[in-house]
Student: 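Please read through the structure below; I'll follow up with questions.
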2 protein chains.
Amino acid sequence: MGKKIAGQPTIRRLPSYLKIIQQAHDEGQFFISGTIIAGELELEPIQVRKDLSITGIVGKPRIGYPTGELLKAIRRFLHWDITRRAAVVGAGHLGQAIIGNPEFARHGLDIRAAFDTDPRKIGTRVKGVEVLSMERLEEKTRELALELAVLTVPSAAAQETAEAVAAAGIRGIWNFTNVKLKLPDSVSVQQENLASGYAVLSVRMGYHRPRGRS
Amino acid sequence: MGKKIAGQPTIRRLPSYLKIIQQAHDEGQFFISGTIIAGELELEPIQVRKDLSITGIVGKPRIGYPTGELLKAIRRFLHWDITRRAAVVGAGHLGQAIIGNPEFARHGLDIRAAFDTDPRKIGTRVKGVEVLSMERLEEKTRELALELAVLTVPSAAAQETAEAVAAAGIRGIWNFTNVKLKLPDSVSVQQENLASGYAVLSVRMGYHRPRGRS
DNA sequence: TAGATTGTTAATCGATTAACAATC
DNA sequence: TAGATTGTTAATCGATTAACAATC
């Protein structure tokens, strides 16, 4: 019998659970029920129980799940218990937002360098992270043992840059461009398509019928 | 018989289709087949055909779908054929990234103002967009007829800020914080949880076994 | 014409939800 | 104890994929 496998929807919900459980833990609560977590996130309790079951942590009826063990197990499951040495490729606003967001650092994203083609940016620092020329990507990847790249370059440069990133030996790309990258399967790619979210919101909002003065 | 309804997965894929079809159209192609679109995005042709069917556009066997009509129909479906007057609330790097991204403007996101609490930012401009104090949110929402807010404040301020946004009369929030907002149902909220994407990538990458020198 | 592609109907697959005995 | 919550098994739901006749 193999390891229990979690579907992608489950994996995507785990970070929200982690946040709620962390808060409870910080407030000194030793247990939290699936019902409470579900209430906070407007999910069904059964869904939370099902999701949490993949961690292997067993809860106590009437009491809930032990917060400490659950935190540890979720972090382990997401591999957020190790640090991943990473680079931001494309040091624009989006790249700087990722560098400056402490949430990712807490979850093991250890950004060691940033790369850009803009001579005015090269040599500067963003929150202590040095911005380097793209020419130094391979050298720095080796030197710093980088394994992950946050790709925040303009779409027009995405494929070309991703190929350079892959050639440098990086094995995971968090892709914030809207370009479907063509790379060998040995590189893991996670596509963040912000336009998808905007599309969902737009459809949900529908057409506005402003209250006229007529 | 009612209007055909599209599931959220379909809606989320439409922007990618739009991009491919736009490229073909710009290259002067009058038709594009579902097979081609699927190939570009590494999807199944049947999935593309099924998704495109919600637009009501009919393709020609052997030829494909008419690019011009398809573009128009997808934009119509997503309501990307109208402009939505919007504000960025939280003028940090992420907010500035959204303001500076021309893709959203092309899809009708018309950012008219930015709001922040930082006195050093208030009064400045980001790509021509004025940064205003949060106190002026209600006034400006009325004056500019804003209907959408891009919420890019720190998590700690998310709920409070969202309430102010809702009170100002804005009816859609694109929420980039990791906070599940508690707001009346009259406000549409789209949650962008970046940590979810990072979780998926992390699980996919697994634990690294570096090639040792041993 | 021959055959690639469409649109529709049916089958499969996976995720969510329901039901309920076990239990703290 | 009584009853809220857990974990598991089964049912439902929705999305994806397969099959195939129609057709350009």
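All values derive from a computational prediction rather than experimental measurement. Scope of the values below: all heavy atoms of this structure, side chains included, with no hydrogens, waters or symmetry mates. Note on naming: letters A, B, ... go to the chains in the order of the sequence lines (proteins, then strands), and numbering restarts at 1 for each one.
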Student: Return the OG to CG distance between B:Ser188 and B:Leu183, rounded to the nearest 0.5 Å.
Tutor: 10.5 Å
Student: Counting only N and O atoms by type, is there a donor-acceptor contact under 3.5 Å from the side chain of A:Ser202 to the main-chain atoms of A:Ala199?
Tutor: no
Student: If each of A:Ile63 and A:Pro9 is mapped to the nucleotide of DNA chain C with the nearest heavy atom, which maps nearer the 5' terminus, i.e. the 5' end?
Tutor: A:Pro9
Student: Under 4.0 Å between a side-chain N or O of B:Tyr65 and OP1 or OP2 of C:dG7?
Tutor: yes
Student: Pairing check on D:dT9: which nucleotide meets the Watson-Crick or G-U wobble criteria with it, both distances under 3.5 Å?
Tutor: C:dA18
Student: Should the pair B:Arg76-B:Asp81 be classified as a salt bridge under the 4.0 Å nitrogen-to-oxygen rule?
Tutor: yes
Student: Would you mind telling me which of D:dA4, D:dT23, C:dT8 lies closest to the side-chain atoms of B:Pro61?
Tutor: D:dT23
Student: Assess whether side-chain hydrogen bond (donor to acceptor under 3.5 Å, both in side chains) is satisfied between A:Gln23 and A:Glu27, documenting all intermediate values.
Tutor: CA-CA 6 Å; A:Gln23 277 169 357; A:Glu27 288 167 10; over 6 Å; no
Student: Among D:dT16, D:dT6, C:dT16, which nucleotide has an atom closest to any side-chain atom of B:Gln47?
Tutor: D:dT16
Student: Specify the residue among B:Arg62 and A:Arg62 whose closest nucleotide of DNA chain D lies further upstream toward the 5′ end.
Tutor: A:Arg62
Student: Compare the minimum distances between each of C:dT6, D:dT17, C:dT16 and the side chain of A:Lys50, then state the nucleotide with the smallest one.
Tutor: C:dT16
Student: Is there a Watson-Crick or G-U wobble partner for D:dG3 with both distances under 3.5 Å, and if so, which one is it?
Tutor: C:dC24
Student: Are A:Arg13 and C:dT16 close enough that a side-chain N or O sits under 4.0 Å from OP1 or OP2?
Tutor: yes
Student: Where the side chain of B:Arg49 is concerned, which of C:dT8, C:dA18, C:dC20 is the nearest nucleotide?
Tutor: C:dT8
